[in-house]
Visitor: 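One structure, as structure tokens, below. Some questions next.
Each chain gets a letter, A, B and so on, in the order the sequences are listed, and its residues count up from 1. Values below: every heavy atom of this structure, side chains too, minus hydrogens, waters and symmetry copies.
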2 protein chains.
Amino acid sequence: MYQIDVMSRIPVYEQIVEQTEKFILAGVLCAGDKIPSVRSLSVELSVNPNTIQKAVAELDRRGLIFSVPGKGSFVSERARDALTAAKRGNLGVMRDKLREFKMAGIDKSEVLEVVEEVYGEENRADD
Amino acid sequence: MYQIDVMSRIPVYEQIVEQTEKFILAGVLCAGDKIPSVRSLSVELSVNPNTIQKAVAELDRRGLIFSVPGKGSFVSERARDALTAAKRGNLGVMRDKLREFKMAGIDKSEVLEVVEEVYGEENRADD
DNA sequence: TCAAGTGTACTAGTTTACATAGTACAGTTG
DNA sequence: CAACTGTACTATGTAAACTAGTACACTTGA
């Protein structure tokens with residue numbers, strides 16, 4: 001399930017957080033689902049339990065999961081909504097990046113090409 | 001000229017690199033222009049000379065400036081082209097971010113809104 | 001000529017974030 | 001009751017970033 005790159009410049013605990021978010025968005029993990037335990041993930045990924053726990057604590061802090069001592073950690077009901085809100089906040093970051101692209105002389109058409117590539121080109125008049 | 005935030009999570013030398021790139025793109029620094037000396041920037045920003053030197057070395061490595069021992073460092077002729085190429089490579093990063101937006105249920109229209117905000121809406125038929 | 005400014009190259013030390021190692025405690029479950 | 005769970009704590013190692021200080025060779029202007 002999880003894929004960790006220990007050579008990456010991105011901290012391991014952060015990789016786990018990011019991948020968990022992707023699993024939630026992709027529907028691999030749904031509200032109420034139990035995520036792997038700290039110790040089992042520790043063994044599976046060959047990573048120290050403390051590192052996993054750090055990721056769990058961060059996911060909890062973001063309201064994506066809730067932990068029950070003795071039982072496990074579970075995907076929150078409002079996880080998807082929280083993620084959507086967070087990503088919408090990231091549109092501001094994209095705005096800054098687009099300004100850099102424009103300054104660098106990258107054409108609007110080049111940007112739109114990427115947008116169309118990701119979002120498809122369903123531009124029929126009867127939509 | 002330069003504005004450094006020592007409390008930022010972004011390393012100081014990287015902030016200097018980024019700001020120098022922006023100055024080049026904005027036309028504040030043009031090909032052949034001399035950039036501030038290591039020691040003068042060190043005093044102006046209250047930063048260790050070694051930190052400045054690290055930024056200078058990185059800018060040199062990226063082909064944005066060239067250094068002449070005893071004289072100073074100057075903006076390269078191909079600095080703008082190098083920056084445009086680098087930013088164009090960043091379109092791939094934007095593609096990944098757009099995929100995340102799409103997965104999170106952020107509408108195509110919301111994305112296009114930001115694009116139009118930055119690039120303007122010059123969509124006349126006679127262009 | 002020479003003092004001042006320039007890029008560059010070292011060594012040494014501190015601080016911080018990240019990760020590991022080991023131990024411990026309390027709650028849950030079959 | 002044994003095995004699992006989340007959580008907390010101390011200690012240690014490592015790497016990156018930054019600071020401090022020194023040194024050398026080159027260029028420039030007075």
Side-chain angles (χ1 to χ4, degrees), chain A residues 1-20 24 29 31-77 79, chain B residues 1-20 24 29 31-77 79:
Chain A
M1 194 169 181
Y2 287 86
Q3 293 289 339
I4 298 301
D5 177 14
V6 292
M7 302 303 296
S8 169
R9 59 180 181 79
I10 301 173
V12 173
Y13 83 93
E14 203 170 315
Q15 293 183 44
I16 295 172
V17 170
E18 288 178 2
Q19 290 188 32
T20 304
I24 293 173
L29 288 175
D33 283 358
K34 183 177 182 300
I35 69 173
S37 76
V38 169
R39 288 174 179 79
S40 65
L41 252 189
S42 165
V43 173
E44 180 185 337
L45 304 179
S46 300
V47 167
N48 191 279
N50 293 337
T51 303
I52 308 292
Q53 202 280 334
K54 190 170 182 179
V56 169
E58 178 60 23
L59 286 166
D60 190 308
R61 196 191 64 80
R62 297 188 188 184
L64 304 181
I65 67 174
F66 61 96
S67 297
V68 183
K71 297 189 68 175
S73 296
F74 307 86
V75 177
S76 163
E77 296 291 336
Chain B
M1 193 170 182
Y2 287 88
Q3 292 290 338
I4 297 302
D5 176 14
V6 292
M7 302 303 296
S8 169
R9 58 176 182 82
I10 301 173
V12 172
Y13 82 93
E14 204 170 313
Q15 293 183 44
I16 296 172
V17 170
E18 288 178 2
Q19 289 189 31
T20 304
I24 293 173
L29 288 176
D33 283 357
K34 183 176 181 300
I35 70 174
S37 76
V38 170
R39 288 173 179 79
S40 65
L41 252 189
S42 166
V43 173
E44 179 184 338
L45 304 179
S46 301
V47 167
N48 192 280
N50 293 338
T51 303
I52 308 292
Q53 202 280 334
K54 190 170 183 180
V56 169
E58 178 60 23
L59 286 166
D60 191 308
R61 196 192 64 80
R62 297 188 188 183
L64 303 180
I65 66 174
F66 62 96
S67 296
V68 183
K71 297 190 67 175
S73 296
F74 307 86
V75 177
S76 163
E77 296 291 336

Visitor: State whether the side chain of A:Q53 and the backbone N or O of A:V38 hold a donor-acceptor pair below 3.5 Å, judged by distance alone.
Guide: no
Visitor: What's the spacing between A:T20 OG1 and A:L41 CG if we round to 0.5 Å?
Guide: 7.5 Å
Visitor: Roughly how far, to the nearest 0.5 Å, is the CD atom of A:E44 from the CD1 atom of A:I4?
Guide: 9.5 Å
Visitor: What is the 5' to 3' range of DNA chain C, first to last nucleotide, that sits under 4.0 Å from any heavy atom of chain B?
Guide: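 That gives a stretch of C:dG5 to C:dC10.
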Visitor: Compare all side-chain heavy atoms of A:T51 with those of A:L45 and state whether any distance is below 4.5 angstrom.
Guide: no
Visitor: Kindly say whether A:N48 contributes a backbone atom to a donor-acceptor pair with the side chain of A:S42 at under 3.5 angstrom?
Guide: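 Pair absent, no side-chain N/O of A:S42 close to backbone of A:N48.
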Visitor: Considering all heavy atoms of both residues, which atom of B:V17 and which atom of B:A55 are nearest to each other, and what is their separation?
Guide: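 Of all heavy-atom pairs spanning B:V17 and B:A55, the closest is CG2-O, 3.8 Å.
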Visitor: Below 4.0 angstrom, N of the basic side chain to O of the carboxylate: do B:K54 and B:E58 qualify?
Guide: no
Visitor: Residues of residues 9-20 of chain B with any non-hydrogen atom less than 4.0 angstrom from an atom of DNA chain D: list those, numerically ordered, please.
Guide: B:P11, B:V12, B:Y13
Visitor: Would you say B:T51 reaches D:dA17's phosphate, i.e. side-chain N/O to OP1/OP2 under 4.0 Å?
Guide: no
Visitor: Distance from A:I16 atom CD1 to A:L59 atom CG, nearest 0.5 Å?
Guide: 9.0 Å
Visitor: In this structure, how many angstroms lie between the C1' atom of D:dA23 and the CG atom of B:N50, rounded?
Guide: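 Nearest whole value for this atom pair: 12 Å.
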Visitor: Return the 5'-most residue of the pair A:P49, B:Q53 with respect to DNA chain C, ranking by each residue's nearest nucleotide.
Guide: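 Its nearest nucleotide lies further toward 5', so the answer is B:Q53.
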Visitor: So what does B:V56 touch, heavy atoms closer than 4.0 Å: a base, only the sugar-phosphate, or nothing?
Guide: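 Here B:V56 touches the backbone only, sparing every base.
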